[in-house]
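Structure record follows, encoded as structure tokens.
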Protein chains: 2
Amino acid sequence: MEVLGLMTAPKMDVAKVTLRDVAERVGLSVSAVSQALLDGPRIGTETKARVREAAEELGYVTNSAGRALRARRADAVALIVPNTSQHVFGHSYFMHVLTGVTDAANSREAQLVISTNVDEQHGKAAYDRVMRSGSVDGAIVTSAAVDDEGIAQLVSSGVPVVLLGGFPVLPDAVSVGIDDVAASYAATEHVVRDHGRRSVVHISGPLDHQAAIDRRDGFIAAAEHYGATFEVVEGDFDEESGDAAAVSIQRREGVDGVVAANDEMAFGAMRRLAADGHDVPRRISIVGFDDFGLARVTTPAITTVRVPAEEMARLATDRLFDLIGGVRFTGPDAHAVLPTELVVRQSCGCP
Amino acid sequence: MEVLGLMTAPKMDVAKVTLRDVAERVGLSVSAVSQALLDGPRIGTETKARVREAAEELGYVTNSAGRALRARRADAVALIVPNTSQHVFGHSYFMHVLTGVTDAANSREAQLVISTNVDEQHGKAAYDRVMRSGSVDGAIVTSAAVDDEGIAQLVSSGVPVVLLGGFPVLPDAVSVGIDDVAASYAATEHVVRDHGRRSVVHISGPLDHQAAIDRRDGFIAAAEHYGATFEVVEGDFDEESGDAAAVSIQRREGVDGVVAANDEMAFGAMRRLAADGHDVPRRISIVGFDDFGLARVTTPAITTVRVPAEEMARLATDRLFDLIGGVRFTGPDAHAVLPTELVVRQSCGCP
DNA sequence: CGGAATTGCTGTAACGATACAGCAGAGTAG
DNA sequence: CTACTCTGCTGTATCGTTACAGCAATTCCG
């Protein structure tokens with residue numbers, strides 16, 4: 001700065017320092033400076049140091065558009081949240097995912113673009129544009145409905161994409177998820193085997209979502225295996241639908257166990273049952289699914305399945321960068337399954 | 001393209017359709033096509049229609065790097081979360097903000113870039129780079145510590161920035177917030193006036209944050225006005241610090257009211273007091289602040305101040321786009337204050 | 001010691017889009 | 001009939017960066 005010892009304007013005009021300015025400063029060509037900053041092999045060690053120093057002093061920051069245009073790489077990834085998912089998944093799920101993704105993206109110095117869809121109509125267009133405009137190098141897609149055309153198309157178009165969460169297995173897709181069937185089986189097992197409940201109801205998620213389907217199937221398998229009578233009521237992952245399900249449960253005689261496909265519905269059901277005078281957890285066991293925060297703070301606290309959303313997101317992002325880097329995942333390698341854990345609290349009847 | 005009339009591959013390589021392809025298709029120059037798609041005034045109506053149709057057919061999507069480079073505009077905004085805030089604010093706050101920002105950004109067809117800071121060291125560099133690289137046109141900054149140098153610098157550097165939340169008033173900055181003092185006064189007033197509590201404790205947030213300072217000041221003003229004895233315990237907005245504060249509260253005789261600077265601390269304190277055999281809310285009133293979700297689901301549900309985070313974020317984003325568009329906010333106009341609301345539930349002693 | 005390899009830089013040509021000057025041709029006015 | 005204004009397009013320069021060919025020096029090697 002203090003070139004002439006003059007008072008220079010303190011307001012250095014943002015984003016105006018280009019490679020040429022740096023080049024002039026060190027008396028080199030623009031390309032030499034570019035190569036120096038990229039640590040190219042054909043530039044002298046001492047020159048690199050001089051260039052870096054000058055760049056630092058001038059406050060040079062690579063213009064992302066220029067780089068993206070020429071290098072055909074945006075150094076950015078998108079987190080795509082189909083509108084359906086946005087509605088279906090609560091806030092907390094998304095937060096965990098976001099934490100994991102930002103973490104991984106940050107450590108690669110990549111930017112993170114959030115892409116949600118405004119409405120069903122322009123749904124496809126939204127992420128399609130993001131991908132095709134070249135503003136990101138790849139995307140993480142959080143669970144969409146099983147019949148989501150756009151996602152399937154996105155995957156088959158060859159752009160680097162990693163699916164996150166309970167997905168219909170698109171054979172060509174790379175995905176990170178959990179074993180919803182097994183986890184739901186374990187939760188149900190705890191209710192019917194460990195607590196001896198004989199008549200259980202499952203409050204499922206919307207059954208056009210793979211996670212909802214799998215959790216229901218795990219429930220049914222366990223109920224059948226242990227010879228409990230059971231029924232499935234379809235909800236939509238919202239607290240209100242848990243409440244509604246609890247109303248219908250009360251019309252049924254002798255229900256002593258409720259397995260919900262997520263914690264919000266479990267909470268809705270629990271609150272309704274308690275309000276209507278049922279003794280939870282003594283007479284009725286309730287378990288949830290997710291453990292994204294809610295289950296821990298209710299009274300009684302909800303026994304649930306911990307879904308490692310943050311780790312999933314981190315792994316998904318790592319794989320995405322691998323994909324972008326040219327790595328190809330094939331066969332079973334393409335589908336990572338992370339372990340879940342039954343978190344025993346009080347809503348099931350445990351002390 | 002179809003130079004030899006050969007069968008071309010049906011798998012159109014993603015993001016490969018450029019303006020030139022469209023131009024060739026309709027038999028126009030590249031610039032004509034560009035102007036047509038931008039709805040320029042010097043292009044014939046019928047030509048525009050033909051161009052749009054061809055672009056649609058070919059699946060043309062504007063390359064964002066090309067546009068950004070030439071048009072000096074990224075059509076993207078950043079949501080900057082200083083690491084300090086990320087720690088200080090819970091997940092739910094951020095989610096509400098995110099919802100508001102995405103909404104507003106979506107409706108302007110702008111992309112949203114999330115920028116969190118990895119660590120304290122490179123903290124400044126992180127958002128500095130985002131801004132200077134030209135990859136966004138402006139930024140929303142969620143509340144930082146009062147002494148955050150980087151933010152002040154960012155604001156004075158002239159890039160479009162809107163501060164969100166309880167900020168030290170940087171005179172030149174555009175901000176959107178609430179009246180923390182008044183809201184905290186109202187919450188405290190409810191405890192001391194409406195419930196007749198005479199010895200109240202405030203669990204504050206970290207006092208290097210303006211919101212924490214203001215909420216404490218509102219508490220003190222109300223306590224003094226109604227002649228209650230009071231004390232302030234500093235927490236850090238985390239549930240654990242509410243728990244810790246409750247421990248210290250129990251060493252003090254006769255405390256019958258707790259005003260926490262957020263719901264998580266209120267919950268931590270409430271849970272600890274209940275566990276230690278105190279009758280909340282009959283003997284001790286507790287109120288929180290925020291109403292981002294937690295307060296509604298606890299038992300008893302927490303009386304709190306609703307902070308309209310989503311609306312704040314939406315307004316902040318709208319103002320950011322105004323700034324980017326050249327609008328200047330001066331004087332009081334620069335600082336929007338949204339109304340809060342006391343949400344009365346059971347933790348204060350109301351039925 | 002002559003030719004080959006290496007080192008360290010320069011110069012040029014893109015990447016894709018857009019702003020703007022320019023330029024035909026048609027219409028209009030005096 | 002000249003001079004002017006529109007209208008609707010073409011052509012060119014440019015945004016900032018990077019890939020790559022080229023080209024002097026210098027070093028290496030048998």
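Convention: sequence-line order gives letters A, B, ...; per-chain numbering from 1. Values below: every heavy atom of this structure, side chains too, minus hydrogens, waters and symmetry copies.
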Can [X] and [Y] be counted as an ion pair, charged N to O under 4.0 angstrom?
| X | Y | answer |
| --- | --- | --- |
| B/Arg314 | B/Glu310 | yes |
| B/Arg108 | B/Asp318 | yes |
| B/Arg328 | B/Asp322 | no |

Quick one: CE on B/Met131 to CG on B/Asp137, what's the gap to the nearest 0.5 Å? 8.5 Å

Quick one: which of A/Val22, A/Thr18, A/Val17 gives a side chain to side chain contact (heavy atoms under 4.5 Å, CB included) with A/Arg20? A/Thr18

Between atom [atom1] in [X] and atom [atom2] in [N], what is the gap in whole Å?
| X | N | atom1 | atom2 | answer |
| --- | --- | --- | --- | --- |
| B/Arg72 | C/dG16 | CZ | C1' | 15 Å |
| A/Asp75 | D/dT17 | CG | P | 14 Å |
| B/Arg73 | D/dG16 | CZ | P | 16 Å |
| A/Leu38 | D/dA19 | CG | C1' | 10 Å |
| B/Leu19 | D/dG11 | CG | C1' | 15 Å |
| B/Asp39 | C/dA19 | CG | P | 13 Å |
| A/Leu69 | D/dT14 | CG | P | 17 Å |
| A/Leu37 | D/dT17 | CG | C1' | 11 Å |

Indicate yes or no: at least one non-hydrogen side-chain atom of B/Phe94 is less than 4.5 angstrom from one of A/Leu98. yes

Does any non-hydrogen side-chain atom of A/Leu28 lie less than 4.5 Å from one of A/Val51? yes

Is the phosphate of D/dT17 approached by A/Thr62 (side-chain N or O, under 4.0 Å from OP1 or OP2)? no

Looking at B/Arg67, I'd like to know whether one of its side-chain N or O atoms comes within less than 4.0 Å of OP1 or OP2 on C/dG16. no

Report the residues that fulfil side-chain contact (heavy atoms from CB on, under 4.5 Å) with B/Arg25, sequence neighbours left out, ordered by chain and then residue number. B/Ala54, B/Glu57, B/Leu58

Kindly indicate, with the supporting measurements, whether the criterion side chain to side chain donor-acceptor pair (under 3.5 Å) is fulfilled by A/Thr116 and B/Asn106. CA-CA 8 Å; A/Thr116 61; B/Asn106 271 336; 3.0 Å; yes

Remember a base hit wins even if backbone is also touched, and classify A/Ser34 as base, sugar-phosphate or nothing at under 4.0 Å, heavy atoms. base

The bend of the helix from C/dC1-D/dG30 to C/dG30-D/dC1, taken between the axes of its five terminal pairs at each end and rounded to 10°, is 40°

Going 5' to 3' through nucleotides 4-11 of chain C and flagging B where a protein heavy-atom sits under 4.0 Å of the base, S where only the sugar-phosphate is that close, and - otherwise, we get ---BBBBB

Test for a donor-acceptor pair under 3.5 Å between the base of C/dT18 and the side chain of B/Arg70, counting only N and O atoms. yes

